[in-house]
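Take a look at the structure below.
One-based numbering, in listed order, for ligands and for the atoms of each.
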Amino acid sequence: MRTLPQLLTGLLCIGMLLDPGAVSAQEAKPIDELTKLAEDVFLFRHKAHQGLVVVTADGVIATDPISVEAATWLKAELKKLTAKPVRYVIYSHDHADHIAGGTVFADTAVFVSHWRARQDLLEKKPVETPLPELTFTDRLFIDLGGKHVEAIHVGRNHSDNSVVVLLPRERVLFAVDFIPVEAVAYRRMRDSYPEEWIESLKRVEQLDFDVLAPGHGPVGRKEHVRMFREYLEDLMREVRQAVLNGMSLEEAKQTIRLPKYEQWNGYPDWFLENIEAMYQYLSVH
Ligand SMILES: [Zn+2]
């Protein structure tokens with residue numbers, strides 16, 4: 001367990017993962033850690049990936065297991081907090097780097113996802129994790145041991161099956177890969193639906209919470225949802241104008257700059273790839 005100053009230091013370190021100058025800070029970090037976000041609510045980090053854990057009187061509700069190595073560490077760590085087992089594992093979306101390793105909890109847990117994640121897991125390259133056995137379309141409520149958790153599909157964005165996990169009483173929201181905190185989108189925005197992504201962010205802005213717990217990087221606040229929505233809108237507007245002006249992709253990459261976001265993580269490396277992804281999307285939509 002870490003105190004608030006340690007927590008802040010840790011969050012800064014996560015934010016610095018993308019900064020090559022921060023190698024020494026990165027090396028100082030443990031591979032795995034559990035950070036308290038609210039009473040009985042923890043952010044679970046394994047290297048650069050994160051999940052959410054809710055401890056209740058009747059068992060644990062966890063999200064993405066990340067990998068066998070990560071989930072094995074988490075299972076042992078949870079034994080220090082509770083004698084109860086993991087009862088539910090909620091998959092944020094179907095991408096293997098977040099949901100592999102669920103087998104570690106298969107002896108006690110029910111696996112939950114959006115129905116399309118189950119379809120994608122059946123149809124795409126198999127992921128070494130149990131298939132979801134409980135799926136939903138819009139919103140699923142889980143009440144366990146005095147805790148209330150909501151899994152909500154807010155539309156297509158970074159995938160066609162992303163769900164957010166909302167803890168209305170603790171005012172915490174967990175979201176993976178589609179709401180980076182003061183960071184541009186990851187590389188070429190693979191598997192994404194840019195216009196629907198913006199709409200899904202507006203739906204998240206309608207939810208009631210304070211703390212934004214992401215699948216990567218520093219913990220944020222609700223305002224970070226609006227900030228990232230504005231980034232996508234600004235990017236789309238600029239790239240659309242370039243396409244309308246008949247610019248080639250290379251010209252667009254040389255011309256378009258969004259100085260408002262220069263300080264964000266990933267801007268030096270991934271902004272040009274974000275332009276490329278948006279250019280290709282808008283060229284066919
Ligand atoms: Zn993903």
Side-chain angles (χ1 to χ4, degrees), residues 14-15 17-18 43-53 62-71 74 89-102 111-132 135-136 151-166 173-201 203-204 212-220 224-225 228-229 231-232 235 264-266 269-271 273-274 276-278 280-281:
I14 294 168
L17 278 178
L18 302 172
L43 185 73
F44 160 48
R45 184 184 61 77
H46 174 75
K47 297 178 183 170
H49 286 71
Q50 293 165 166
L52 192 75
V53 175
T63 63
D64 301 339
I66 301 172
S67 67
V68 168
E69 183 192 354
L74 178 62
V89 173
I90 305 171
Y91 293 151
S92 63
H93 62 311
D94 68 303
H95 292 166
D97 63 319
H98 289 274
I99 65 165
F111 291 81
V112 180
S113 78
H114 188 260
W115 69 267
R116 236 186 260 112
R118 188 178 192 281
Q119 286 303 111
D120 287 346
L121 287 169
L122 281 168
E123 290 164 10
K124 293 183 189 171
K125 189 165 164 266
V127 178
E128 284 190 38
T129 206
L131 263 187
T135 64
F136 66 98
I152 306 167
H153 176 60
V154 289
R156 301 197 295 183
N157 39 55
H158 158 85
S159 77
D160 65 1
N161 59 70
S162 300
V163 302
V164 297
V165 175
L166 176 67
L173 184 95
F174 175 67
V176 176
D177 288 351
F178 78 100
I179 321 179
V181 174
E182 293 185 43
V184 303
Y186 184 65
R187 309 207 71 154
R188 296 202 62 258
M189 301 165 70
R190 74 170 176 119
D191 209 10
S192 68
Y193 304 81
E195 281 172 304
E196 292 170 73
W197 190 334
I198 290 168
E199 293 309 307
S200 81
L201 292 168
R203 285 186 204 111
V204 175
L212 173 64
H216 302 275
V219 171
H224 288 110
V225 184
F228 187 72
R229 191 226 333 134
Y231 167 72
L232 281 186
L235 176 68
W264 280 19
N265 271 327
D269 302 315
W270 300 338
F271 180 61
E273 290 183 73
N274 286 187
E276 201 170 320
M278 195 63 89
Q280 281 165 358
Y281 172 78

Between the Zn ion (ligand 1) and D177, which N, O or S atom of the residue is the nearest one? OD2
Parallel under 30°, tilted from 30 to 60°, perpendicular over 60°: which one fits the rings of H114 and H153? tilted
Should the pair W197 and F228 be assigned to parallel (<30°), tilted (30 to 60°) or perpendicular (>60°) ring geometry? tilted
Under 30°, 30 to 60°, or over 60°: which ring-plane class applies to H98 and H216, parallel, tilted or perpendicular? perpendicular
Taking backbone and side chain together, does D97 place any N/O/S atom at a distance below 2.8 Å from the Zn ion (ligand 1)? no
Whether H98 has an N, O or S atom under 2.8 Å from the Zn ion (ligand 1): no
Of the N, O or S atoms in H95, the one nearest the Zn ion (ligand 1): ND1
Within 6.0 Å of CD in E199, more than 12 heavy atoms from elsewhere: yes
